[in-house]
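The block underneath contains the structure these notes are about, expressed in structure tokens.
Letters A, B, ... are given to chains in the order of the sequence lines, protein chains preceding strands, and every chain is numbered from 1.
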Amino acid sequence: MPELPEVEIRRQYLETSSLHQIIANIDVEDRKLLTTDYTTLVTTLAGRQFISTHRVGKNLFVLTDSPDIIVHMHFGMTGDLEYYHSSLDRPRFARIVFEFTNGFNLGFLCPRKFERVGLIDNIDAFLKRKKIGPDGLAISVEELAERIYQKKAFIKPVLLDQSIVAGLGNWIVDEVLFQACIHPERHANTLTNDQFNQLHNAIWLVLKTAIRYEATYRDFPNSFLIHVREWDDSPYDDVEAHKFCPRCSTRIERTEVGGRTTFFCPKEQQLR
DNA sequence: AGACCTGTTTTGGT
DNA sequence: GACCAAAACAGGTC
């Protein structure tokens with residue numbers, strides 16, 4: 001699921017594959033995926049080239065050779081990028097394709113159509129309008145504490161809220177709370193200073209680890225909770241082994257918090 | 001008013 | 001073949 005680490009990897013991918021090539025056309029299979037009118041998108045971008053990238057949370061911005069023409073990409077839950085040459089190699093679900101004059105293409109893959117692409121003219125204005133908070137890797141402990149401290153809701157939905165801190169999705173929040181030993185239903189305004197520090201460290205650890213392993217979950221350290229998720233292609237034969245806490249061997253609980261599937265260790269992540 | 005919570009959207013994989 | 005997963009936003013409640 002493209003959360004901050006996956007979007008960072010896609011950013012690096014786009015940066016190494018698709019800069020400094022002139023855009024000839026954009027092929028769009030389903031216009032619902034666009035947040036900008038199709039004709040405007042094509043006429044604005046034709047003849048231009050991508051020159052750099054920027055990421056905030058799960059949002060990828062691709063800057064062009066015109067300062068106020070920026071492509072915004074959001075990868076939804078299954079979005080991906082693939083750079084390819086021949087149209088015969090067009091990947092499945094490449095519903096938006098940036099065609100370059102050199103014959104290469106950048107495909108934006110959208111299997112579930114939860115993805116969005118559009119033009120913006122100013123990144124800061126966009127972030128403000130969308131109420132996107134500081135990036136998970138850029139936020140300081142003080143800033144994090146300040147923002148969480150005033151919320152009364154459960155800590156899990158608070159961490160999922162992109163206006164508090166940007167880039168954390170469902171599995172990352174579970175992992176962060178596990179690493180910080182905080183119960184997902186702990187009320188945000190009851191956290192101690194120690195816990196804010198643990199939370200900040202955990203966010204850093206989880207995001208950095210995910211980026212280092214290019215978000216390939218099975219490669220993550222054994223100390224990670226993520227291995228209990230069934231969609232982790234287990235490298236081990238005994239799938240049952242993954243249903244237990246990697247630190248204390250207690251059976252991991254699966255519940256719903258704020259309408260989202262939640263995994264946690266009932267022994268190490270207790271309320272109060 | 002504002003904080004919080006729930007429902008809807010979308011489709012492929014199981 | 002029904003059901004689940006996900007993020008963001010709309011709409012609801014108190």
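- Distance, I132(A) CD1 to dA8(C) C1': 10 Å, rounded to whole Å.
- The partner of dG12(B) is dC4(C), judged by Watson-Crick or G-U wobble contacts that both fall below 3.5 Å.
- Remark: C1' of dA5(C) and CD of E6(A) are 14 Å apart, rounded to the nearest angstrom.
- A cation-pi arrangement is not found for R55(A) relative to F61(A), the charged atom failing to lie both closer than 6.0 Å to the ring centre and inside a 45° cone about the ring normal.
- Computed from coordinates, the L160(A) CG to dA3(B) C1' distance equals 17 Å when rounded to whole Å.
- An OP1 or OP2 oxygen of dA6(C) is reached within less than 4.0 angstrom by no side-chain nitrogen or oxygen of K58(A).
- With no hydrogens or angles considered, a side-chain donor-acceptor pair links Q21(A) and N102(A) at under 3.5 Å.
- Between V158(A) and K152(A), the closest side-chain pair of non-hydrogen atoms is not below 4.5 Å.
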Pairs: protein N or O with nucleotides 5-12 of chain B N or O, under 3.5 Å:
{"from": "dT11(B)", "atom 1": "OP1", "to": "K113(A)", "atom 2": "NZ", "distance (Å)": "2.9"}
{"from": "dT11(B)", "atom 1": "O3'", "to": "P111(A)", "atom 2": "O", "distance (Å)": "3.3"}
{"from": "dT11(B)", "atom 1": "O2", "to": "R112(A)", "atom 2": "NE", "distance (Å)": "3.4"}
{"from": "dG12(B)", "atom 1": "O4'", "to": "R112(A)", "atom 2": "NE", "distance (Å)": "3.0"}

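- Within the model, atoms NE2 of H183(A) and CZ of F178(A) stand 13.5 Å from one another, a figure rounded to the nearest 0.5 Å.
- Taking atom CG on N170(A) and atom C1' on dA8(C), their separation rounds to 14 Å, with Å as the unit.
- Hydrophobic clustering keeps V42(A) apart from I22(A) (ILVMFWY residues linked when any side-chain heavy atoms are closer than 4.5 Å, directly or through intermediates).
- Between the CG atom of D161(A) and the P atom of dG2(B) there is a distance of 16 Å, given to the nearest Å.
- Considering all non-hydrogen atoms of both residues, L119(A) and T40(A) come closest at CD1-O, 4.2 Å.
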